[in-house]
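Some notes on the structure that comes next.
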Amino acid sequence: MRGSWPHASSTTMPELPEVETVMAGLASELTGRRLTGARLRQRQLRWPVPRDLAARVRGAQVLGMRRRGKYLLVQTDRGWLIVHLGMSGSLRLVPSVLPPGPHDHLDLLLDDGRALRFTDPRRFGCLLFSDDPWNHPLIAPLGIEPLSETFDGDALYDLSRGRRVSIKDLLMNAHLIVGIGNIYANESLFEAGIDPRLAAGRLSRRRCGLLAAAVQSVLRRAIVAGGSSIRDFVGVDGRPGYFQQGHAVYGRDGETCGSCGTLIRQMRQGGRSTYLCPHCQKR
DNA sequence: AGAACCACCTGGCAGC
DNA sequence: TGCTGCCAGGTGGTTC
């Protein structure tokens with residue numbers, strides 16, 4: 001099975017489920033290990049990697065890992081690594097002697113001869129170091145976790161009052177709700193039967209309930225699908241299997257809706273592709 | 001404060 | 001065949 005699944009796409013698109021999957025796969029491997037240093041090949045990511053990264057992590061013991069939105073937090077006894085995979089980033093555990101590829105920007109060296117290798121062709125990701133990540137300017141303003149107990153229809157209703165932006169743009173605003181990118185925003189709105197263009201503030205409390213449930217359902221299913229491939233991606237490939245799962249509307253322009261048979265439409269919304277079933281999704 | 005838009009980056013692909 | 005140019009995506013920053 002390892003590395004043998006069909007590659008529908010050569011790129012991953014890390015949203016909350018993938019970050020969760022990456023964390024689950026790495027936590028057991030990294031916790032308790034010591035970092036012996038870092039090799040920095042390309043500092044210019046979304047934010048520059050700290051020049052003194054190697055010095056900061058040398059000798060640090062990994063205490064655990066957390067996720068906040070799409071940010072991955074690695075806690076050590078010397079401080080925290082803050083990692084974002086952007087849209088093409090991946091983390092793999094490799095033998096530290098494995099020669100780096102062109103987009104393998106940095107290695108965190110482990111005390112067992114392996115390296116945690118950060119790869120990111122488009123360099124939208126970042127890797128930072130912080131003594132206090134919860135007050136870090138990238139982390140502190142983040143919104144509610146959609147898989148937390150406090151996220152439900154009422155929370156979504158409260159968040160959306162008075163907002164004139166489309167409900168899809170609201171779902172993707174990480175300062176309000178974290179972890180939902182273009183793919184899962186489209187999928188959640190289809191599942192809830194809501195037109196993505198509807199002004200967020202016009203959603204009824206009842207439909208907020210449907211949408212919150214759909215968001216959680218879509219994200220949980222993706223995590224379950226990704227979890228089954230943890231061993232594979234940690235060892236070799238860096239490509240969780242959930243990405244291969246079928247989407248109901250995303251990327252299916254011109255195909256028929258699996259629910260009613262109507263043709264799925266693609267449109268532009270705020271510079272991004274929106275996909276919807278004009279019959280199943282109502283204003 | 002909220003909304004709309006831009007910048008960042010590269011691989012992949014359509015179209016000529 | 002090879003070139004050009006557009007598109008995909010997340011999100012901080014800028015502007016209005």
Side-chain angles (χ1 to χ4, degrees), chain A residues 6-22 41-49 67-73 82-91 100-106 118-128 130 133 135-146 158-188 196-203 215 219 222 238-240 242-244 247 249-254 266-275:
Chain A
H7 288 231
S9 165
S10 61
T11 56
T12 57
M13 298 182 189
E15 298 196 34
L16 185 151
E18 186 185 44
V19 180
E20 187 74 24
T21 300
V22 168
R41 304 182 194 88
Q42 167 64 272
R43 288 186 60 234
Q44 301 309 314
L45 304 181
R46 180 69 165 87
W47 312 105
V49 180
R67 178 187 61 73
R68 182 73 178 96
K70 296 176 189 171
Y71 288 91
L72 197 58
L73 306 176
I82 299 175
V83 184
H84 197 292
L85 298 176
M87 39 167 304
S88 60
S90 64
L91 288 167
H103 304 298
D104 292 343
H105 305 313
L106 70 91
F118 181 88
T119 306
D120 186 6
R122 293 181 196 178
R123 290 193 268 138
F124 278 21
C126 68
L127 190 145
L128 301 168
S130 171
N135 286 310
H136 190 280
L138 294 177
I139 305 296
L142 294 176
I144 191 169
E145 288 281 344
D158 292 343
L159 269 180
S160 57
R161 288 315 88 186
R163 301 264 177 187
R164 299 156 83 114
V165 285
S166 70
I167 183 59
K168 182 184 175 227
D169 284 341
L170 182 131
L171 284 181
M172 294 196 297
N173 184 344
H175 289 172
L176 299 176
I177 309 163
V178 296
I180 305 171
N182 198 36
I183 296 172
Y184 295 122
N186 277 298
E187 293 296 299
S188 300
R197 297 165 291 185
L198 183 63
R202 296 182 65 96
L203 243 70
V215 164
L219 293 178
R239 198 158 290 131
Y242 77 81
F243 186 69
Q244 317 305 337
H247 300 302
V249 286
Y250 182 81
R252 298 195 56 217
D253 182 35
Q266 178 181 14
M267 63 184 65
R268 305 296 294 179
Q269 219 183 345
R272 297 278 183 264
S273 279
T274 290
Y275 299 88

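Computed over heavy atoms, backbone and side chain alike; hydrogens, waters and symmetry mates excluded. Just so we're clear, the structure is a prediction, and the values are computed from it rather than from any experiment. Throughout, protein chains are lettered first and strands after them, A, B, ... in sequence-line order, and every chain is numbered starting at 1.
Side-chain contact annotation: A:Ser273 with A:Arg268, donor-acceptor N/O pair under 3.5 Å present.
Between A:His84 and A:Tyr71, the two ring planes are perpendicular [angle over 60°; tilted spans 30° to 60°].
B:dC8 has A:Phe124 stacked on its base ring, the centres lying under 5.5 angstrom apart and the planes within 30 degrees of parallel.
In the set C:dT11, B:dA4, B:dG11, B:dA4 carries the atom at the smallest distance from any side-chain atom of A:Val165. Checking B:dG11, C:dT11, B:dA3 against the side-chain heavy atoms of A:Arg163 singles out B:dA3 as nearest. For A:Lys70, counting side-chain heavy atoms from C-beta on, the closest listed nucleotide (C:dT11, B:dT10, B:dC8) is C:dT11. Across B:dG11, C:dG12, B:dC9, the shortest atom-to-atom separation from the side chain of A:His103 is found for B:dG11. When distances are taken from the side chain of A:Arg122 to each of C:dT11, B:dA3, B:dG11, the shortest belongs to B:dG11. The side chain of A:His175 has C:dG12 as its nearest neighbour among C:dG10, B:dA3, C:dG12.
If you check residues 266-275 of chain A against DNA chain B, you find no residue with a heavy atom closer than 4.0 Å.
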Please produce a list of atom pairs where a protein N or O lies less than 3.5 Å from an N or O of nucleotides 14-16 of chain C.
none

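A:Arg46 comes within 4.0 angstrom of a nucleotide base, judged by non-hydrogen atoms across all strands. Counting non-hydrogen atoms under 4.0 angstrom, A:Leu85 reaches nothing in the nucleic acid.
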